[in-house]
Amino acid sequence: MTTPSQTVGPFFGFALPWPDGPYAAPPDTPGLITVRGVVLDGAGAPVPDALIETWQADPDGRFDHPDDPRGCQTSAARWFARCPTDDNGRYAVHTVKPGPVSDGEERHAPHLNVTVLARGLLRHLVTRMYFPDESEANGTDPVLCGLPEPERAVTLIAVPDGDGLRFDIRLRGDHETVFFAV
């Protein structure tokens, strides 16, 4: 007999973040940008105890991972950020725009990989955030072009917001963010 899955949290809200967690690259890194957003539930209410993780390639499109034998060229950055949402569901991560990524067959537009953990989710959610100034690359990205509902691609593209970008994440309902089965 199997037992039901447990939901995630709320333990992670205070156990997993660390002081410089929102910085995928050091604060003095040239070209540092801030990606801000709000995590919203199916009713459009902010989710105050979610956790956002981002990971990405470096500006040359290389990953700091054993699966990428080229390795990253910038050792000062970790290219991974983790930020809890505040009482209003807001998060902010600081990073440098990654380069396009080639998987040997296809070229992916610059993007951040995003994981969402939140109360009530049985499993974490995975999505991507694309950059609004990459319309040509976004137009040929195999993930964006392969969506079964092409009109939902807009949920994966950040919008300019002051000195940075805004990427809201809607867990359900109208304009639900596209999430991927991984």
Side-chain angles (χ1 to χ4, degrees), residues 16-39 50-84 90-117 124-170 177-182:
L16 295 179
W18 64 90
D20 69 341
Y23 284 87
D28 59 348
T29 304
L32 194 74
I33 57 172
T34 299
V35 177
R36 298 177 182 86
V38 177
V39 178
L51 188 71
I52 302 301
E53 292 181 342
T54 65
W55 75 100
Q56 65 181 88
D58 72 6
D60 296 319
R62 299 171 177 218
F63 284 97
D64 185 16
H65 190 274
D67 287 346
D68 189 342
R70 303 169 303 158
C72 284
Q73 298 298 304
T74 308
S75 61
R78 65 177 166 245
W79 308 119
F80 173 82
R82 178 180 287 164
C83 182
R90 296 177 299 202
Y91 73 93
V93 295
H94 313 279
T95 191
V96 175
K97 185 177 176 182
V101 176
S102 175
D103 64 8
E105 296 179 18
E106 299 174 302
R107 188 172 172 93
H108 296 249
H111 64 275
L112 301 182
N113 297 298
V114 180
T115 297
V116 181
L117 300 118
H124 63 280
L125 301 172
V126 177
T127 189
R128 283 184 172 186
M129 186 214 87
Y130 288 89
F131 291 81
D133 62 340
E134 293 284 348
S135 58
E136 185 175 333
N138 291 345
T140 59
D141 181 88
V143 173
L144 286 174
C145 294
L147 293 173
E149 300 173 72
E151 68 279 4
R152 295 186 62 206
V154 70
T155 69
L156 300 180
I157 301 173
V159 295
D161 182 41
D163 61 345
L165 298 172
R166 181 177 179 104
F167 184 65
D168 291 342
I169 299 169
R170 291 174 174 78
T177 300
V178 172
F179 298 105
F180 303 104
V182 291

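As the structure is a prediction and not an experimental result, all values here were calculated from the model.
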Given side chain to side chain contact (heavy atoms under 4.5 Å, CB included), test Thr95 with Ile33 step by step and report yes or no.
CA-CA 5 Å; Thr95 191; Ile33 57 172; 4.2 Å; yes
Apply the test side chain to side chain contact (heavy atoms under 4.5 Å, CB included) to residues Glu53 and Leu16: give CA-CA distance (whole Å), side-chain angles for both, the deciding distance (0.1 Å), then the verdict.
CA-CA 11 Å; Glu53 292 181 342; Leu16 295 179; 5.6 Å; no
For Val178 and Leu147, what are the C-alpha separation, side-chain angles and deciding distance, and is it a side chain to side chain contact (heavy atoms under 4.5 Å, CB included)?
CA-CA 9 Å; Val178 172; Leu147 293 173; 3.8 Å; yes
Side chain to side chain contact (heavy atoms under 4.5 Å, CB included) evaluation trace for Phe180 with Val143:
CA-CA 10 Å; Phe180 303 104; Val143 173; 3.6 Å; yes
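For Glu136, the CD atom is loosely surrounded, since the number of other residues' heavy atoms within 6.0 Å does not exceed 12. Environment of CZ in Arg152: crowded, with over 12 heavy atoms of neighbouring residues, nucleotides or ligands closer than 6.0 Å.
In terms of modelled atom types and a separation under 3.5 Å, the side chain of Thr177 and the main chain of Arg170 share a donor-acceptor contact. In terms of modelled atom types and a separation under 3.5 Å, the side chain of Asp163 and the main chain of Thr34 share no donor-acceptor contact. At least one donor-acceptor pair closer than 3.5 Å links the side chain of Asp58 to the backbone N or O of Asp60.
Closest of all the heavy-atom pairs between Gln56 and Lys97 is NE2-C, 4.4 Å. Taking each heavy atom of Trp55 and Val126 in turn, the nearest pair found is CH2-CG1, 4.2 Å. Taking both residues in full, the closest heavy atoms of Val38 and Tyr91 are given as N-CE2, 3.9 Å, listed atom of the first, atom of the second, then distance. Between Pro19 and Pro22, the closest heavy-atom pair is O-CD, 3.9 Å. Summarising the geometry of His108 relative to Asp141, their closest heavy-atom pair is CA-OD1, 3.2 Å, with the distance given to 0.1 Å. In terms of heavy-atom proximity, Phe63 sits nearest to Val101 at CE1-CG1, 3.7 Å.
To the nearest 0.5 Å, the span separating CG on Leu156 from CZ on Phe179 amounts to 9.0 Å. The CG atom of Asp168 lies 11.0 Å from the OG1 atom of Thr155; values are rounded to the nearest 0.5 Å. Expressed to the nearest 0.5 Å, how far CD1 of Ile157 lies from NE2 of His111 amounts to 13.0 Å.
Pro132 is not listed as a side-chain neighbour of Val159, based on a closest heavy-atom distance of 4.5 Å or more.
Relative ring orientation between Tyr23 and His94 is described as parallel, the plane-to-plane angle staying below 30° on a 0-90° scale split at 30° and 60°.
Put simply, the residue from Thr115, Val35, Val116 that forms a side chain to side chain contact (heavy atoms under 4.5 Å, CB included) with Ile52 is Val116.
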